[in-house]
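For clarity, every value in this text was computed on a predicted model and none was experimentally measured. First the proteins, then the strands, lettered A, B, ... as listed; each starts at 1.
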Amino acid sequence: MVNATYGTLVTCDEPMKQFLRHLDEQHAPNRFIICDLDETHVLVHTWALDLIREELEKLYEENHYVAIS
Amino acid sequence: MNEVVRGGVRPHKYAENMFQELEQWSRSDMQRAFRSEHAAHAVLRCVPNLARLVVMRMLLGSSRTCSASELSAWFAQDGHRSDYAKSRSGGQTPIATGHSHTRVVEPLLRLHVVRLVESAVPPFYELDPAFADRMDQILTANVRPPFDSEHESNSVVLDSPALVQRLEVFAKRRWERVLHFLVGSDSESASVSGPSDELVNALLKTRLLENCEEGLRITHVGFQFLLKDTYAQIWSLLACMLEHLFPAGSQHRVDAMGLLFQIALAVPGKPYKLSCLDANQSRFLKCCDELGLVQVGEKEQAFCVTRMGVNLVNSKQEDVASHSGGHLSVDMGELQLIVETNFRVYAYTSSSFQIALLSLFLDMRYRLPNLVVGHITKSSVRAAMSNGITAEQLVRFLNAHLHPMVEKACIPPCVSDELYLWEAEQDRVRTDDAVMIDGFESTLSFDALTTHANEIDALLWSNPRRLMLVVKAEKAEGVKQYIREQALR
């Protein structure tokens, strides 16, 4: 039987996918990853996109060095 | 949802000079335009020098035609063959060497000034009869001055140097206003009214500006636009307004262009009566006023052409290519930059336009009379990038305006690298609305569906080992239908 599952495909690099999995575990009861496809692709619930974007923003901020302020 | 959409639809390319505008005209439109000697004059001015020479030779020949072989003889390939060429071209000396005649004639063919009669043996080039007649008029000086109506003479007052000066300032102001509006620095020019709706529409249409929540903002097309020379900028806006007001191929368009043809021949600073224009031209005159090509007097029913207007219409194809056409009557202000490795940028400028341009991607800190200091910060650059400005453009812009005292002719590599990294960061995660399809019972049906999805450009991801594939959500219906039709399992 062929199944179809709606969601959002996230294409990213490998560290980023690990980060997404980590996020997924953090939100334990409300996991958003539908299917872990391969190293660089994940299918997630569409409702989680804003959350992912916010968390990514935070991650970028943390890893950003401000030369002068 | 696709995160990496940039710019969206490719903008329609608008003409950047008279040649490019006329190039789009149909033969019949051109013939209609050639009823006026001003059009013929303007056309002659906008073609390359060699093409102009060819026109003059053909014009003075008895039949106004010229066979292809004759024409090629005018362009002897090298000096040694010039004698031979001379004998073949009936004693005429070659115009130039080392040019292919087809390349020279090409602009004339595109403007329908010359027609290639291929049915004849041998095929020959023929000048457009209407154009040739107008040229005759011009050569015999039997030409009406521009904006001359039949009943009344149009020379009201003689031009005075002071007036020309004033017009110069006016044109400059007008164009600066457009540029300021584009970069969103209308604080300074708040006393003057903003650009008209037509102009704003044109800016939106050309995708230089776009609507967003905070109002209008500049796009990457707009940013590139700012790096072009002034005449190309004015032309593309003018062409857009022309397109908007008068659809291509209509008589109105030809009428409106008649205004531009006459502007090209007008004397800057000389007042012309408004009454000599028809309705279409009056409408178009407002656009020209908006861009600073003419100044419409408020009280006296007259208008003056600015020098910018005259130069604009006469700006040529090759000028644009070599960037020599932009003897900037509009001074956008000096800008000299020093970029430090700590992302601090010192900009020596006093032009508010340049400052506004810089503040699109700099976090401005200090402003001194001739110097502004800003930081390239991640947030400021990200803001610029979300407008569609690319790192490449930023780096090129910074490099182009480096202070002459800076030793290396480029910005510090750490800065440019960081700009590229910030850009890459935006693309690190890409999301697409998708449908995952799995649970296949046979490799055969999986393969069939993968091939089909690929054909209709729906496939995003597939894994033959796990028998899973992901397709675009917007194309999911088609895929599902295929599954049903083929009874895939």
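Crowding of B:R466 atom CZ: a count of heavy atoms from other residues, nucleotides or ligands under 6.0 Å exceeding 12. Residue A:L59 places its CG atom among more than 12 non-hydrogen atoms of other residues, nucleotides or ligands, all under 6.0 Å distant.
The closest side-chain heavy-atom distance from B:V429 to A:T11 is not below 4.5 Å.
Contact of B:K480 with chain A is made through the side chain alone, with heavy-atom distances under 4.5 Å. The contact between A:L37 and chain B is made by backbone and side chain atoms together, counting heavy-atom distances below 4.5 Å. Looking at B:I483, the atoms closer than 4.5 Å to chain A (heavy atoms on both sides) all sit in the side chain, from C-beta outward. Of the atoms belonging to B:R465, not a single heavy atom falls under 4.5 Å from chain A.
Between A:T8 atom OG1 and B:D433 atom CG the span is 4.5 Å, to the nearest 0.5 Å. In this structure, the separation between CG on A:L49 and OG1 on B:T431 is 5.5 Å, given to the nearest 0.5 Å. To the nearest 0.5 angstrom, B:N463 atom CG is 7.0 Å from A:D38 atom CG.
B:G439 approaches A:N3 most closely through the heavy-atom pair CA-ND2, 4.5 Å.
Side-chain atoms of B:R430 never come within 3.5 Å of backbone atoms of A:L9 as a donor-acceptor pair (strictly under, hydrogens ignored).
Interface check for chain B: of the options A:V10, A:L56, A:T5, A:T40, the most heavy-atom pairs under 4.5 Å are formed by A:T5.
Screening residues 469-489 of chain B for ring pair (Phe, Tyr, Trp, His ring centres under 6.0 Å) gives B:H452-B:Y482 as the qualifying pairs, with residues at least two apart or on separate chains.
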